[in-house]
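Report on the structure given below.
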Amino acid sequence: QVQLVESGGGLVQRGGSLKLSCVESGRTFTFIGWFRQFPGKAREFISAISWTGSSSSYTDSLKGRFSVSRDAARNTVFLEIHSLRPEDTALYYCASSRAPGTVDSLSITDFDDWGRGTQVTVSS
């Protein structure tokens with residue numbers, strides 16, 4: 001019943017920007033997270049935001065180029081990525097959580113439902 005659909009990925013040049021969208025339906029949630037997965041690697045946390053938008057967290061190394069926001073009326077969470085690099089090439093996922101706690105305490109196991117992912121490919 002829960003569905004999360006990512007969109008906005010694609011092929012971009014180094015230095016470009018993308019705004020990814022995640023539309024959620026079917027279940028209420030308290031947090032939405034963004035992750036990415038490189039080939040042969042485990043999923044990697046990028047950012048999470050409370051549904052209210054009052055709090056968010058980021059992986060420290062990505063905070064300067066990644067920005068998360070939400071549009072509650074459209075059940076949509078966004079991830080803006082700037083200054084894209086080839087090493088950002090990955091499959092990007094959004095996921096929802098209903099876990100208790102704060103946005104800073106989340107772990108990957110707290111996310112219950114996942115989208116199919118949207119591919120971001122950055123050319124050199």
Side-chain angles (χ1 to χ4, degrees):
Q1 180 171 283
V2 176
Q3 185 175 28
L4 299 99
V5 180
E6 304 96 335
S7 63
L11 176 63
V12 299
Q13 294 182 339
R14 182 200 301 268
S17 298
L18 285 173
K19 187 174 184 178
L20 309 182
S21 299
C22 173
V23 180
E24 187 273 344
S25 63
R27 189 184 184 189
T28 58
F29 57 89
T30 53
F31 304 103
I32 289 287
W34 285 97
F35 301 79
R36 64 185 181 182
Q37 187 169 26
F38 306 106
K41 303 291 186 178
R43 283 169 292 179
E44 173 183 290
F45 174 77
I46 299 170
S47 178
I49 188 170
S50 63
W51 182 240
T52 65
S54 61
S55 59
S56 60
S57 65
Y58 297 85
T59 293
D60 287 343
S61 62
L62 303 178
K63 189 174 183 178
R65 297 190 297 115
F66 290 72
S67 179
V68 67
S69 60
R70 94 280 185 265
D71 183 341
R74 293 186 287 176
N75 288 345
T76 303
V77 174
F78 305 99
L79 182 70
E80 296 182 54
I81 317 173
H82 301 284
S83 300
L84 280 159
R85 308 163 181 170
E87 53 263 42
D88 293 320
T89 296
L91 189 61
Y92 285 71
Y93 296 92
C94 66
S96 64
S97 176
R98 300 178 67 248
T102 68
V103 69
D104 297 312
S105 66
L106 293 169
S107 66
I108 192 168
T109 58
D110 292 319
F111 291 87
D112 304 306
D113 297 287
W114 296 77
R116 293 172 57 193
T118 184
Q119 178 68 36
V120 172
T121 302
V122 185
S123 62
S124 60

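Reckoned from all heavy atoms, side chains included, excluding hydrogens, waters and symmetry mates. Treat the numbers as computed from the prediction; the structure is a model and nothing was measured.
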Test your reading of the model: is there a side-chain donor-acceptor pair from Glu6 to the backbone of Thr118, 3.5 Å cut-off? no

Give a yes or no answer on whether the side chain of Ser97 reaches the backbone of Asp110 with a donor-acceptor pair at less than 3.5 Å. yes

For the side chain of Gln3 and the backbone of Ser25, is there at least one donor-acceptor N/O pair under 3.5 Å apart? no

Answer yes or no: is there a donor N or O on one side and an acceptor on the other, between the side chain of Thr76 and the main chain of Arg74, under 3.5 Å? yes

Evaluate the criterion side-chain contact (heavy atoms from CB on, under 4.5 Å) for residue pair Ile46 and Thr59; output intermediate values, then yes/no. CA-CA 5 Å; Ile46 299 170; Thr59 293; 5.5 Å; no

What's the spacing between Phe66 CZ and Leu79 CG if we round to 0.5 Å? 6.5 Å

For atom CG of Asp104, decide whether the heavy atoms of other residues, nucleotides or ligands shown that lie under 6.0 angstrom number more than 12. yes

Atom OG1 in Thr30, atom CD1 in Ile49: separation rounded to 0.5 Å? 12.0 Å

Any donor-acceptor pair under 3.5 Å from Ser47 side chain to Tyr58 backbone: no

Kindly give the heavy-atom pair with the smallest separation between Tyr93 and Gly115, and that separation in Å. CD2-O, 3.4 Å

Heavy-atom closest pair, residues Ala99 and Leu106: CB-CD2, 4.5 Å

Check for a donor-acceptor pair, side chain of Ser50 on one end and backbone N or O of Ser55 on the other, with a separation under 3.5 Å. yes

Steps toward side-chain contact (heavy atoms from CB on, under 4.5 Å) verdict (Leu4, Ser96): CA-CA 8 Å; Leu4 299 99; Ser96 64; 3.9 Å; yes

Scan Thr89, Thr121, Val12 and name whichever one has a side-chain contact (heavy atoms from CB on, under 4.5 Å) with Leu84. Val12

If Ile, Leu, Val, Met, Phe, Trp and Tyr residues are connected whenever their side-chain heavy atoms lie under 4.5 Å apart, and connections chain through other members, are Phe78 and Val120 in the same group? no

Do the side chain of Arg70 and the main chain of Thr52 share a donor and acceptor less than 3.5 angstrom apart? yes

Cluster check Leu18, Leu91: I/L/V/M/F/W/Y, side chain < 4.5 angstrom: no

Atom SG in Cys22, atom CD1 in Ile32: separation rounded to 0.5 Å? 5.0 Å

Separation of Lys19 NZ from His82 NE2 (nearest 0.5 Å): 9.0 Å

When you look at Phe35 and Trp114, which way does the side-chain contact (heavy atoms from CB on, under 4.5 Å) test go after all the steps? CA-CA 10 Å; Phe35 301 79; Trp114 296 77; 3.4 Å; yes

Please report the closest heavy-atom contact between Ser123 and Pro86, naming both atoms and the distance. O-CG, 4.1 Å

To the nearest 0.5 Å, what is the distance between CZ (Arg14) and OG (Ser83)? 11.5 Å

For the hydrophobic clusters of this structure (ILVMFWY residues joined by side-chain heavy atoms under 4.5 Å, transitively), does one cluster hold both Ile81 and Phe38? no

Within 6.0 angstrom of Gln13 CD, more than 12 heavy atoms from elsewhere: no

Given the rule in the ring-ring contact (aromatic ring centres under 6.0 Å, His included) test, do Trp51 and Phe29 qualify, once you have shown the distances and angles that lead to the verdict? CA-CA 7 Å; Trp51 182 240; Phe29 57 89; 4.6 Å; yes

If Ile, Leu, Val, Met, Phe, Trp and Tyr residues are connected whenever their side-chain heavy atoms lie under 4.5 Å apart, and connections chain through other members, are Trp34 and Phe111 in the same group? no

No-hydrogen, no-angle side-chain donor-acceptor test under 3.5 Å, Ser107 and Thr109: yes

In this structure, CZ of Arg116 is separated from SG of Cys94 (nearest 0.5 Å) by 12.0 Å

Same hydrophobic cluster for Tyr92 and Leu62, using side-chain heavy-atom links shorter than 4.5 Å among ILVMFWY? yes

Would Asp112 and Val2 satisfy side-chain contact (heavy atoms from CB on, under 4.5 Å), going step by step from the backbone distance to the final call? CA-CA 9 Å; Asp112 304 306; Val2 176; over 6 Å; no

